[in-house]
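Working notes, structure below.
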Amino acid sequence: MIRTPLMTVMVQAVRKAGRSLIRDFGEVENLQVSLKGPANFVSNADRKAERILQDELTKARPNYGFIMEESGEVDGADENHRWIIDPLDGTTNFLHGIPLFCVSLALARDGVPVAGVIYNPVTDELFIAEKGAGAFMNDRRIRVAARRNLADSVVCCGLPHMGRGDFAQFGREYAAIAPKVAGLRRTGTAALDLAWVAAGRFDAFWERGLSPWDMAAGIVMVREAGGYVSDLDDGDKMLAKGDIIVGNDTVRRDLLTLINKA
């Protein structure tokens, strides 16, 4: 597994944030039965994990800036490097006591993600990747799946939900894709979806309406696992446009063709 000083810093930060989330996740089921519900508690857990990440990373690289889900952008003296942080990807899952969520951390150099860590503290699965050094889950090298036919492929996607997304557009895409694949899945955490494509669990993934912190670490992960990443116009503007499609070259291309026709 990658043991560079940069990766050591990133792994230590996400593990510490993950321990905080696990402690708070243990309280969620107790709060489910209360009239108020756990929503405020989960928001506090999210912000606490983000503070842990920011503090740990600032100690190690004091000049780097930040792009964070909760706290926004923080400029650093080093204008070329920025941490991109999602302290709790899968908030709705966390809120409902569903053990499928993660911490996502990426380092961008001149706006391009070059290192990523995605950590599921429930399963203790740590996905890491650094440009030019490959992708790993815990101590095992990972690769994207080698399937070439959509009919054999399990594809993951994002679904529109209340107040966000184009339901009609997704309906057209679903109608075009569902009959052509072995299965469609939705997990509720885009960062883990990307890590699972890198690990070969899903053959492909696409989603619209994402933020940079949802995608940045996963972009490095998929590329270093031998996969292909693009926006839905087959370009390289994922972080700017907020849409993404990934997989091996054949499955990604065939899936993108179906999406564009829809």
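Residue numbers run from 1 in the order of the sequence given.
The SG atom of C102 sits 8.0 Å away from the CG atom of L88 when rounded to the nearest 0.5 Å. Distance check: D214 CG to D89 CG gives 5.5 Å after rounding to the nearest 0.5 Å. Going from atom CG of N93 over to atom CG of L192 covers 9.5 Å, rounded to the nearest 0.5 Å. If you take CG on L100 and OG1 on T123, they are separated by 8.5 Å, rounding to the nearest 0.5 Å. Expressed to the nearest 0.5 Å, how far CG of D110 lies from CG of N80 amounts to 4.5 Å. One distance of note links CG of L232 with CZ of R208; it measures 4.5 Å at 0.5 Å rounding.
For the residue pair Y119 and D124, a side-chain donor N or O sits within less than 3.5 Å of a side-chain acceptor on the partner. Using modelled atom types and a 3.5 Å distance limit, the side chains of Q54 and S71 yield no donor-acceptor pair.
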- Message: D46 vs E69, test: side-chain contact (heavy atoms from CB on, under 4.5 Å). Steps then yes/no.
- Response: CA-CA 9 Å; D46 197 344; E69 182 183 19; 4.2 Å; yes

- Message: Working note: I85 + W213, criterion side-chain contact (heavy atoms from CB on, under 4.5 Å); need CA distance, chi angles, decisive distance, verdict.
- Response: CA-CA 5 Å; I85 294 174; W213 46 82; 5.9 Å; no

- E70 and R51: CA distance, side-chain angles, deciding distance, salt bridge (Lys or Arg N to Asp or Glu O under 4.0 Å) verdict: CA-CA 10 Å; E70 298 300 320; R51 284 196 301 272; over 6 Å; no

- Derivation of the salt bridge (Lys or Arg N to Asp or Glu O under 4.0 Å) call for K241 and D233: CA-CA 10 Å; K241 291 183 176 180; D233 294 316; 2.8 Å; yes

- Could you go through the side-chain contact (heavy atoms from CB on, under 4.5 Å) check for T187 and C156 one step at a time? CA-CA 8 Å; T187 70; C156 190; 4.2 Å; yes

- Task: For the pair D234 and R252, evaluate side-chain contact (heavy atoms from CB on, under 4.5 Å) and give the outcome as yes or no after the intermediate values.
- Result: CA-CA 10 Å; D234 205 19; R252 185 200 65 87; 2.9 Å; yes

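The shortest side-chain heavy-atom distance between D254 and S153 does not fall under the 4.5 Å cut-off. Contact of the F94 side chain with the L21 side chain is registered, since non-hydrogen atoms from C-beta on lie closer than 4.5 Å. The shortest side-chain heavy-atom distance between R201 and R185 does not fall under the 4.5 Å cut-off. Using a 4.5 Å heavy-atom cutoff, the side chains of V11 and R15 are in contact. Side-chain atoms of F136 and I128, non-hydrogen and from C-beta on, do get closer than 4.5 Å to each other. Side-chain contact between I219 and I244: present, with at least one pair of heavy atoms (C-beta onward) separated by less than 4.5 Å. V117 places a side-chain heavy atom less than 4.5 Å from the side chain of M7. Taking 4.5 Å as the limit, every side-chain heavy atom of M137 sits out of range of all side-chain heavy atoms of M221.
Ring orientation note: the planes of H81 and Y64 are close to parallel, at an angle under 30° on the 30°/60° scale. Between W206 and F170, the ring planes are parallel. Angles under 30° get that label, and only those over 60° would be called perpendicular.
When atom types are taken as modelled, the side chain of S20 and the backbone of K16 share no donor-acceptor pair closer than 3.5 angstrom. Looking at N63, its side chain never comes within 3.5 Å of a backbone N or O of G76 through a donor-acceptor pair.
Connection of L256 to Y174 is established within a shared hydrophobic cluster, with ILVMFWY side chains joined at heavy-atom distances below 4.5 Å, either directly or through further cluster members. At a threshold of 4.5 Å between side-chain heavy atoms, the hydrophobic network of Ile, Leu, Val, Met, Phe, Trp and Tyr places M238 and L194 in one connected group. When hydrophobic clusters are built by joining Ile, Leu, Val, Met, Phe, Trp and Tyr residues whose side-chain heavy atoms come closer than 4.5 Å, directly or via intermediates, L159 is not grouped with M215. Cluster annotation: L57 is connected to V103 through the hydrophobic network of ILVMFWY side chains, with a link wherever side-chain heavy atoms come within less than 4.5 Å. Side-chain heavy atoms closer than 4.5 Å link hydrophobic residues (I, L, V, M, F, W, Y) into clusters, and following such links, even through other members, never connects I67 to W83.
Shown here for V122 and P99, the closest heavy-atom pair between the two residues is CG1-CB, 3.7 Å.
Salt bridge D236/R223: present, at least one basic N to carboxylate O contact under 4.0 Å. Salt-bridge annotation for K59 and E56: present, with a side-chain N of the basic residue lying under 4.0 Å from a carboxylate O of the acidic one. Taking a cutoff of 4.0 Å between a charged side-chain nitrogen and a carboxylate oxygen, R61 and D78 do not qualify as a salt bridge. The pair R147-D152 does not count as a salt bridge, with every side-chain nitrogen at least 4.0 angstrom from each carboxylate oxygen. Between K48 and D55, none of the side-chain N atoms (NZ, or NE/NH1/NH2) sits under 4.0 Å from a carboxylate O, so this pair counts as no salt bridge. Using a 4.0 Å cut-off between a side-chain N of Lys or Arg and a carboxylate O of Asp or Glu, D75 and R82 qualify as a salt bridge.
Scanning for side-chain contact (heavy atoms from CB on, under 4.5 Å) contacts around K131 gives V114, E224, with sequence neighbours left out.
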